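A short write-up of the structure that comes next.
Note that the coordinates shown come from a computational prediction; the quantities given were computed from them, not determined experimentally.
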Amino acid sequence: MKQGHFSEVYINHKSNHTDRAFTYAVTEELADKVCVGSRVMVPFGKSNNLVEGYVVALKNHADIDLRYIKNIHALIEDEYTLSKELIHLARWMQQQYLCRFVDAIQCILPTGSILKKEKVYRLEDNLNLLSVIEKTTERQQAILQLLAQYGSLSESQLQSQVEDALKELSKLLKHKLIRVEELFKKDVNTIREKMIQLSENKSYEEIIKSTPKTAVKQKSILDYLFQKGPTSWTVLREAVGGSLTTLRGLQEKGFIEIYETEKRREPYKDLKVLPSQAYKLTREQEHAMKEITPYLKSQQHQTFLLHGITGSGKTEIYLQLIEALIGMGRDAILLVPEISLTTQMIERFRARFGDQIAVLHSRLSLGERYDEWRRIYNGEVKIAIGARSAIFAPFRNLGMIIIDEEHEHSYKSDYSPKYHAVEVAEVRCRENSALLVLGSATPSVESYNKALVGEYKLIQMINRYNSNPLPTVSVVDMREELQRGNKSIFSEALYQAIKDNLKRKEQTILFLNRRGYSTFISCRKCGFVVKCPQCEIALTYHKNAHHLTCHYCGQAQKPPTSCMQCGSKYIKYFGIGTEKVEKITKDCFPEAVVARLDLDTTSRKGSMEKILKDYAAGKIDLLIGTQMIAKGLDFPNVTLVGIIAADTSLNLPDFRASEKTFQLITQVSGRAGRGERPGRVIVQTYEPKHFAIQHATKSDYKGFYEQEIQLRSAFLYPPFSRLINIIFSGAEEGEVIKASQEFTAILSNSLSLEGIEPFKRIYGPAPAHLSKIKQNFRWQLIIKSKAVDHSRLTGIINNIRLENKIQDIIRRVNISIDINPYSML
DNA sequence: AGCACGCCGACT
DNA sequence: GTCGGCGTGCTC
Ligand SMILES: [Zn+2]
Ligand SMILES: [Zn+2]
């Protein structure tokens with residue numbers, strides 16, 4: 001094989017067939033510019049159309065015949081080169097999560113920065129519209145008319161105006177009536193801003209002297225610029241007025257200079273904070289710092305599990321660790337589990353670190369995300385704060401990743417690639433010799449296990465930093481309440497506690513993890529349950545909207561007045577959601593001001609902030625909410641938390657059900673007694689003896705862990721096995737079933753060939769827990785394997801997925817593979 | 001993904 | 001005969 005410069009390039013095509021590296025030659029003039037991570041334009045396919053590609057390796061020989069090798073056409077220079085580290089990360093994701101390389105790249109690059117092809121059409125030169133009118137159809141004439149009118153139009157613009165535009169366009173092209181041009185565009189762009197400053201060649205006095213006394217506007221502009229220095233046109237116009245003509249006049253006289261700069265969009269610009277200093281640490285906090293800082297200095301990779309109860313002061317540790325880190329010239333990423341929690345984190349970090357912080361999460365606009373990404377890339381900031389996607393922040397000198405509330409399921413991506421931020425963090429930290437700090441009051445069983453076996457370093461903090469006592473927790477057995485004839489949603493104890501709390505003018509939080517009014521409605525006579533026509537799930541009744549709503553597809557319909565099956569008029573509403581809790585609470589405690597915080601009351605922008613603000617100001621006595629109120633809320637006057645039903649998630653057929661329940665109770669309990677006065681928590685349940693509930697009420701994580709790990713061990717669930725969850729979905733149930741069965745058959749066969757023990761370790765295929773969503777039937781296959789077999793197993797699954805044999809069967813069936821799923825549902 | 005090639009049925 | 005439908009296969 002001949003020597004020379006060659007590169008391995010992945011093409012930006014979302015197809016399994018092109019998910020591999022292609023060899024391209026690097027020409028002399030590009031040789032010293034192209035590197036691993038370069039974004040390039042390459043010719044691809046028979047047409048040699050240009051496509052964006054990513055260089056993943058460079059080498060000086062080619063493995064295939066030179067005849068087949070094309071040159072890299074160009075380097076995308078105005079864009080950003082990915083670091084070698086991020087390229088490696090993408091390849092790791094491709095292997096680990098069985099996704100395409102470009103899917104991983106799409107996680108890593110800011111959305112909208114990948115070049116898209118756009119076809120722009122215009123009339124062929126010297127075309128006489130009248131002369132062709134006889135040879136063309138009505139639709140074709142419409143296209144020609146539009147092109148004549150606008151000069152040029154993009155394919156998408158034409159498609160929206162003319163039916164079957166694609167077909168007609170290709171005919172017009174063939175007859176040489178129009179021509180086409182291909183452009184490459186990003187969805188997102190930089191904002192340019194006009195800046196004005198006084199000329200540097202002339203003194204201010206000189207300028208003023210030669211300005212006529214009557215030119216008041218000119219004088220005030222010059223005066224403003226003299227005082228404030230370079231100013232953007234937007235600000236200047238706002239401040240002193242004037243027109244562009246005035247400005248041009250001044251420019252021509254050589255008094256001012258006009259130039260353009262790039263303007264960065266600034267999310268959270270209005271969040272103003274007062275600077276703060278490092279707090280004095282408690283002994284526990286100091287101990288934690290002492291454990292971690294040596295590793296900071298020696299620059300070796302290590303993961304820490306910071307297990308500290310709510311209010312033990314984990315955030316202050318994050319702050320001081322990062323302070324030490326950026327003192328050494330390295331950068332940090334801090335993840336929070338929910339976008340809504342970024343605001344308070346940013347406040348605390350800005351107070352300490354000023355503008356060295358960038359924010360990354362999916363609720364920023366495309367432009368904001370792009371600009372924040374580039375501030376990180378260009379080294380303008382040292383810290384990135386955000387939700388899951390911030391894990392890909394393109395720092396070049398990453399020294400630490402902190403993941404707060406490490407156990408939260410939101411760190412697992414819902415869509416492909418279904419990556420877990422903690423897993424990605426592990427890989428990034430290892431490659432960067434960086435520290436990974438996982439913080440949690442209720443660690444995931446897997447993480448705690450890793451800490452116990454020494455893979456992570458465990459750091460415990462068991463006291464609150466302000467040494468306020470933990471809230472007292474009591475459990476109420478709702479079966480006993482029922483026996484005593486209390487059918488209300490409030491147990492005697494909770495009712496009394498709310499009453500007392502209202503009297504004392506202290507605030508209360510009521511928690512129920514279910515929104516809506518009634519969970520389902522059903523016929524008394526025949527038992528018929530009203531289900532969503534598109535999904536295999538009962539509809540929830542929302543009283544306010546007077547609708548039955550599907551929480552999976554959003555479909556809403558009027559509640560029926562008679563049974564749809566037998567016509568009976570006796571329809572009963574079952575189950576309680578937050579809306580109903582609100583109604584009952586208002587009825588029971590008419591003197592109280594009650595508010596509700598769930599998806600339904602916070603759909604409008606700013607409504608959540610308003611409710612929380614009113615609650616903080618004491619305008620609300622009683623706040624009812626779902627998951628949303630479980631995290632991050634810090635209101636000192638809340639002294640009572642009532643958990644309406646602690647067992648909603650306890651009996652789901654899932655290995656993580658107990659863990660979730662324990663975490664939720666602990667988290668919600670943590671909202672009580674954060675101020676001076678002691679807090680109280682009342683947990684209502686039908687299973688008061690369940691160990692998750694028992695240990696949660698005693699704030700005994702260790703006790704919970706020890707019992708749970710026994711179960712995980714006995715039933716071979718993580719951390720004692722690795723799970724893979726494969727969902728087959730499609731509109732035709734028969735095809736879905738066939739695909740899942742075929743897949744399973746091939747898999748079992750391969751497993752025995754490979755000598756991987758499938759004994760009792762393949763579950764299904766069977767209908768998924770949600771067997772139909774949005775008209776799509778869902779079947780599921782769960783594979784449990786030994787950790788040592790895991791990578792071989794994913795390899796086998798990947799082969800089956802790509803095999804031609806299965807392609808024929810699954811043409812219309814979607815296969816979604818979840819490696820290390822958070823749950824089995 | 002995006003394109004060319006090739007094989008069929010309906011049309012000048 | 002030929003135009004144009006889509007199923008099939010390949011891309012350094
Ligand atoms: Zn009925
Ligand atoms: Zn539905």
Test ring pair (Phe, Tyr, Trp, His ring centres under 6.0 Å) applied to Y97(A) - qualifying residues, sequence neighbours left out: W92(A)

Reckon K167(A) touches a base, only the sugar-phosphate, or nothing at all at heavy-atom distances under 4.0 Å? sugar-phosphate

Candidate list N776(A), V813(A), I737(A), test side chain to side chain contact (heavy atoms under 4.5 Å, CB included), partner F728(A), passing option: V813(A)

Separation of I11(A) atom CD1 from dC10(C) atom P, in whole Å? 18 Å

Quickly work out the D19(A) CG to dT11(C) C1' distance and round it to whole Å. 14 Å

Round to the nearest Å and state the distance from H73(A) atom NE2 to dC12(C) atom P. 15 Å

Under the 6.0 Å and 45° cation-pi test, does R374(A) pair with Y370(A)? yes

In B/S/- notation, 5' to 3', how is nucleotides 1-8 of chain B contacted by protein heavy atoms closer than 4.0 Å? BSS-----

Going by the rule ring pair (Phe, Tyr, Trp, His ring centres under 6.0 Å), which residues pair with F101(A) if we only count those two or more places apart in sequence or in a different chain? Y10(A)

What is the separation between atom CD1 on I72(A) and atom P on dT11(C), rounded to the nearest whole Å? 19 Å

Positive for side chain to side chain contact (heavy atoms under 4.5 Å, CB included) with Q96(A), one of E423(A), R91(A), H420(A): E423(A)

For the atom pair CD1 (I191(A)) and CG (D371(A)), what is the distance rounded to the nearest 0.5 Å? 6.5 Å

Just the rounded figure in Å: distance from C1' of dT11(C) to CD of E52(A). 18 Å

When rounded to whole Å, the CZ to C1' distance for the pair R20(A) and dC10(C) reads 9 Å

